[in-house]
Every structure is written in structure tokens, then in C-alpha cells.
Amino acid sequence: FAGLFKVKPQSFPAKMLSTIIVALILCTCLSLLMTAVNAGVGPWFVAAWLSAYPFAMLSVYVSALAGILTGVPLTKAILHIPKDAA
């Protein structure tokens, strides 16, 4: 996805753009399920889901970005993988 915008691979902007796709998929699935469980399915379902979606998207995106930025370097350090390895 980041390649569409001609962003340098393994850079911070590339990680931000690539995380958007993961966050959209994860947030949509989780928020639909949580809305169905908490609000029930009925005529109010879409309104209830859309009212919570921006907050859910923001929290999922920030969490996924934090995981990418900290998880990958920590994993490479634990497994003794060189920092410049893809």
C-alpha cells in the first residue's frame, strides 16, 4: 500500500501508511462485533456502529502503530536479527 505513494520502504511514513490497512480491517471487524453484542441487532445497529467507529478506528490505529514501531525492533533484538534486515 505504501508503494502506491512512492514512499521509501522501511521508513516511518511507509509504516504509517501500511498500518492503515491493518487498522481498517481490524477496527471494522471488532467494532461490528462489539456493537452487535452490546447494542443488539436492529434498526439502530448502523447508527450505533457509526457513532463509535471513529473512536474505535483511532484507538486501533494508534495501538497497531505502537505495536509496529516497538514490536519489530524488540523482536529483532531478541532473535539477534540485524537491524537493517527486512
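Summarising the geometry of Val7 relative to Ala14, their closest heavy-atom pair is CG1-N, 3.5 Å, with the distance given to 0.1 Å. In this structure, Ser63 and Ser59 approach most closely via the heavy-atom pair OG-O, 2.8 Å. Pro82 approaches Lys76 most closely through the heavy-atom pair O-CD, 4.0 Å. Counting all heavy atoms, side chain and backbone alike, Met57 lies closest to Ile20 at CE-O, 4.3 Å.
Around atom CZ of Phe45, more than 12 heavy atoms belonging to other residues, nucleotides or ligands sit under 6.0 Å away.
Counting side-chain heavy-atom gaps under 4.5 Å among Ile, Leu, Val, Met, Phe, Trp and Tyr, the cluster of Val60 also holds Leu26, Leu30, Met34. Cluster note: Val62 groups with Leu58 through ILVMFWY side-chain heavy atoms spaced under 4.5 Å, whether in direct contact or through intervening members. The other residues sharing a hydrophobic cluster with Val37 are Leu33, where clustering joins ILVMFWY side chains under 4.5 Å apart.
A distance-only check finds a donor-acceptor pair linking the side chain of Ser51 to the backbone of Ala48 [under 3.5 Å].
Hydrophobic clustering of Ile, Leu, Val, Met, Phe, Trp and Tyr side chains at less than 4.5 Å, counting indirect connections, unites Leu17 with Leu24. Both Tyr61 and Leu50 belong to a single network of hydrophobic side chains, linked directly or stepwise wherever heavy atoms of I, L, V, M, F, W or Y lie under 4.5 Å apart. Linking ILVMFWY residues whenever their side-chain heavy atoms come closer than 4.5 Å, directly or via other members, leaves Met16 and Val22 in distinct clusters.
Every pair passing ring pair (Phe, Tyr, Trp, His ring centres under 6.0 Å) that includes a residue from residues 4-40 is listed here, sequence neighbours excluded: Phe1-Phe5.
Partners of Thr28 by side chain to side chain donor-acceptor pair (under 3.5 Å), not counting sequence neighbours, listed by chain and number: Tyr53. In terms of the side chain to side chain donor-acceptor pair (under 3.5 Å) criterion, residue partners of Ser31 (sequence neighbours excluded) are, by chain and number, Trp49.
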